[in-house]
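Notes to accompany the following structure.
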Protein chains: 2
Amino acid sequence: MIRLFIVDDHPVVIEGIHGLLQHEPDIEWAGHAMNAASCLGFFVNNTADIVLMDISMPGMDGVELCGLMREKYPGVFILGLSTFNQGLYIKKMMENGASGYILKNSTKEELLKAIYTVNTGNIFFSGEAGEVLKEYQRSSTRIPELSPREKEILGLIAEGYTNPQIAEKIFLSSFTVDSHRKNLLAKLNVKNTAMLIRMAVENKLL
Amino acid sequence: MIRLFIVDDHPVVIEGIHGLLQHEPDIEWAGHAMNAASCLGFFVNNTADIVLMDISMPGMDGVELCGLMREKYPGVFILGLSTFNQGLYIKKMMENGASGYILKNSTKEELLKAIYTVNTGNIFFSGEAGEVLKEYQRSSTRIPELSPREKEILGLIAEGYTNPQIAEKIFLSSFTVDSHRKNLLAKLNVKNTAMLIRMAVENKLL
DNA sequence: CCCTTAATCCCCTGAAAAGGTGATTTTAAG
DNA sequence: CTTAAAATCACCTTTTCAGGGGATTAAGGG
């Protein structure tokens, strides 16, 4: 028997999921909360196996709540619940210890599969959520093309080499390295090394 | 019927998984390869639904192969296969489009669950693989404690502000900012801004 | 109370990066 | 063949950073 708790500020969603699962033999409805505080209150005297958690809620959001819950009750698995196009939040939920992610328009089958997978300590990700995540990453990866040489030099900068060192390493004039470096700054529209490296790492150019 | 193909340079693993699954009614053994080239060769004239792929192989490694396969055959789902303690590779596989990850010492049940989950376009992650990934992230997050002030300044550096700008922004002497900056370099054991920011981003200090 | 740490401030030097303004050569694409 | 982009090299100025040396104050733990 899997005890299920749901946190969502939309009554429709709570009702909908309740309806979907009320006749499932292996699933017990532990209760629901419509905000973070109320959820935390519930877990003081009660528990559940899995928490279905909306990410966007008034007050403390799901991401923060997820982190707190995982800290206080490591045995409770959290399954993120989202509508579409919220890639950033999906990513953040996973970083905060969620065991999976499904979209609110999932089918009953998908929902069940997610619940069972998460319940055994594994991680589930709806394909659609995966898509959203990828789309998010694509959109934030929309940066100008860098030439192979520029990428190479970018990599060396990130490893802490200075222009003269890079020049020596790849047999170039340090003037040339400097030129490439300036081109990198211009292409990525940043003004110094710190921003350059941050951009590069965030956009997985390294 | 799910057509399964496996790529692994260890005959034992191929044989083992074959043995585990040979009597499964829904699973068809499409074939196996012991290196990347042979796998690519197979897919020229054949196909499969899911590829079980080892990450560490001679020649082209699983990570690269995974990226290639996803590009050429987007309909084929890839399930990473690893022994323990290879967190870095698990991460890379996922970044290269794998649909999941399981450890080689998984039970038959887990393996089947993974296959069925991936086959429907969802993403599966064995709990153990999740652990490995977390452990990996923990170990790479083993960095000295930074004071709140240092974190604040680190953040501003990453946003591209120079020492005088930071000083003005948070009402400090630029000498002070410079001191903090030097302490950051010392604490994180790096020698310039580029390495500092790379460290910071990789260790999620920002 | 002492010790440590964080946080603040100061100075000097030399190296590196940023900003600007050029140029030539090779290579890939039209 | 022409053009555009990439890659190469050069010089000069100003700003910023890195490395070295210090110092004082405030707060917290042992």
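Keep in mind that the numbers below use all heavy atoms, side chains included, and drop hydrogens, waters and symmetry copies.
A 6.0 Å sphere centred on NZ of Lys72(A) holds no more than 12 heavy atoms belonging to other residues, nucleotides or ligands.
In summary, the side chains of Lys113(B) and Ser126(B) do not present any donor paired with an acceptor at a separation below 3.5 Å, with no hydrogens or angles considered.
The distance between atom CD1 of Ile157(A) and atom P of dC17(D), rounded to the nearest whole Å, is 16 Å. Straight-line distance from the CZ atom of Phe175(A) to the C1' atom of dA10(D): 5 Å, rounded to whole Å. Distance, Ile166(B) CD1 to dT16(D) C1': 11 Å, rounded to whole Å. The CZ atom of Arg149(A) sits 13 Å away from the C1' atom of dC9(D) (whole-angstrom rounding). dT5(C) atom P lies 15 Å from atom CG of Leu146(B), rounded to whole Å. Atom CG of Leu184(B) and atom P of dC17(D) are 13 Å apart (whole Å). The interatomic distance linking Leu196(B) (CG) with dA18(D) (P) rounds to 8 Å, in whole Å.
Between Ile55(A) and Met93(A) the shortest side-chain heavy-atom distance falls below 4.5 Å. Residues Leu156(A) and Val177(A) are not in side-chain contact: their nearest non-hydrogen atoms beyond the backbone lie 4.5 Å or more apart. A heavy-atom distance below 4.5 Å is not found between the side chains of Leu172(B) and Ile166(B).
Here the options are Asp54(A), Ile14(A), Ile6(A), the test is side-chain contact (heavy atoms from CB on, under 4.5 Å), and the partner is Met34(A); only Ile14(A) passes.
Distance from the side chain of His180(B) is smallest to dT8(C) among dC11(C), dT8(D), dT8(C). Distances were taken from every side-chain heavy atom of Leu172(A) (C-beta onward) to each of dT8(D), dA7(D), dA10(D); the shortest belongs to dT8(D).
Note: Phe43(A) and Phe5(A) have perpendicular aromatic rings, judged against thresholds of 30 and 60 degrees for the angle between ring planes.
Ser173(B) comes within contact range of the sugar-phosphate backbone alone, with a heavy-atom separation under 4.0 Å but no base atom that close.
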* To do: List the protein contact pattern of nucleotides 15-30 of chain C with one symbol per nucleotide (5' to 3'): B for base contact, S for sugar-phosphate-only contact, - for none; contact means a heavy-atom distance under 4.0 Å.
  => -SSSBB----------
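Mapping Thr176(A) and Lys187(A) onto DNA chain D by nearest heavy atom places Lys187(A) at the nucleotide closer to the 5' end.
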